[in-house]
Amino acid sequence: MSELLARHRAVLPDWLALYYEDPLELTHGEGRHVWDAGGRRYLDFFGGILTTMTAHALPEVTKAVSEQAARLVHSSTLYLNRPMIDLAERIAALSGIPDARVFFTTSGTEANDTALLLATAYRRSNQIIAMRNSYHGRSFSAVGITGNSGWSPTSYSPLQTLWAHGAVRGRGPFAHLDDREFTEAAVADLRDLLGQARGQVAALIAEPVQGVGGFTSPPDGLYAAFREVLSERGILWIADEVQTGWGRTGDHFWGWQAHDQAGPPDLLTFAKGIGNGMSIGGVVARADIMNVIDTNSLSTFGGSPVTMAAGLANLTYLLEHDLQGNARRVGGLLRERLRAGTAGMAHVREVRGRGLMLGVELVEPGTDRADPARASAVLEAARAAGLLLGKGGGHDTSVLRVAPPLSLTVAEAEEGGDLLLSALRATA
């Protein structure tokens, strides 16, 4: 055991997960690459859990952070904050939500926690509909609406959660249906679920593409069909865009736009990529929902001048360089390369996803059973070859998650795809 690992285990919680049998210490990065403490370079296909959205050490972001830090690091929301207002204006305009208000937090967990507070206060109900296999964060309320039991350590939630089908296309009771029938069955299940609820329900919260759940998603339009049912009862829709936002899916800027027949969500949560590594999260909501809070409130660290400067520079770079379009083009090439390369591999059940949000689901050969041990082995083999990946999946962590920075080049996609395929072959 390394000296640093021993120190880690002596002072940090046992439940703080570490990748790899010999955990990595990353010391610096540039572009789509990172280096460990031994000087080894890796192609980064996970980006700090989808957080390094544009590139490591992006000059535009580091310059903005440095210049703002030299002027003022912190003030809190008790004072006017020009960078926060600037970024809020841009996000409100991009959100698609009419008369939008933006509240900044320091993480996706806190953003979802805030959205739950707003929705339950607005509707005067603590009943929330969440999707099976979902993940929404680490706080007391967020774990109560997390449908992936591997990430929900307690059942003592302040919320009453109702669980809906539909977020996982390839497994479960509706998997054998075509897309239209799948959506109809999920809507019928939702109606049945609401028929059993006592009193009014506050909101549905859903990830357009489930992140920790293994990059699974329903047929396009499912949440629009859900929205019609919810609207009949005044139930709010919260789109958890912590992992899908900012163009990562390639086809759309927000994941909810794959379901936009019913219009934008009532609340939208975001985090991760907007800060490119800085701690930014937030909620966008209609003014009548956001302003439902009638007590004193503030945020000590949400919307800090330094993180807002980073977010502004990062968002500007993303838009000016059409990284959404790059995610669509390069992600499409990578997805098809992986699909072609895994054809005939008995331990690969599916390559799925859109843009630069791809999942490779592994199973025990000849079965439909998840194979988390093989997923860990592929992670190790890829690391040995110089490629960093993520893991996810239902309750079994058997899906390889591929989510590099959105500036990934074609050459890097080809290189990383080939390294991943080699790791899959080595662990067949």
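- Remark: Ile129 CD1 to Ile235 CD1 distance equals 5.0 Å, nearest 0.5 Å.
- No more than 12 heavy-atom neighbours from other residues, nucleotides or ligands sit within 6.0 angstrom of CG on Leu80.
- The CG atom of Leu236 lies 6.5 Å from the CZ atom of Arg286; values are rounded to the nearest 0.5 Å.
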Criterion side chain to side chain contact (heavy atoms under 4.5 Å, CB included) on Thr114 and Leu118, from CA distance to verdict = CA-CA 6 Å; Thr114 302; Leu118 294 170; 4.3 Å; yes
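- A side-chain donor from one of Glu412 and Thr409 sits under 3.5 Å from a side-chain acceptor of the other.
- Judged purely by distance below 3.5 Å, without hydrogens or angles, the side chains of His347 and Asp371 never pair a donor atom with an acceptor atom.
- For the 3.5 Å distance criterion, the side chains of Arg90 and Thr316 qualify, holding a donor opposite an acceptor.
- Counted by atom type alone, Asp240 and Tyr135 present zero donor-acceptor pairs between their side chains at under 3.5 Å.
- Partner Thr216 forms a side chain to side chain donor-acceptor pair (under 3.5 Å) with one of Arg352, Glu350, Gln210 and no other, that one being Gln210.
- For the pair Val399 and Gly393, the tightest heavy-atom approach, listed with the atom from each and the gap, is CG2-CA, 3.8 Å.
- Judged by distance alone, with hydrogens and angles left aside, the side-chain atoms of Asn276 form a donor-acceptor pair with the main-chain N or O of Thr54 at under 3.5 Å.
- Of all heavy-atom pairs between Ser217 and Val209, the closest is CB-CG2, 4.0 Å.
- The aromatic rings of Phe226 and Tyr223 sit perpendicular, their planes meeting at an angle over 60°, well past the 30° parallel limit.
- Glu361 pairs in a salt bridge (Lys or Arg N to Asp or Glu O under 4.0 Å) with only one of the listed residues (Arg349, Arg401, Arg374, Arg369), which is Arg349.
- For Trp254 and Phe270, the ring centers sit 6.0 Å or farther from each other.
- When only modelled atom types and interatomic distance are considered, Arg32 and Ser407 share a side-chain donor-acceptor pair under 3.5 Å.
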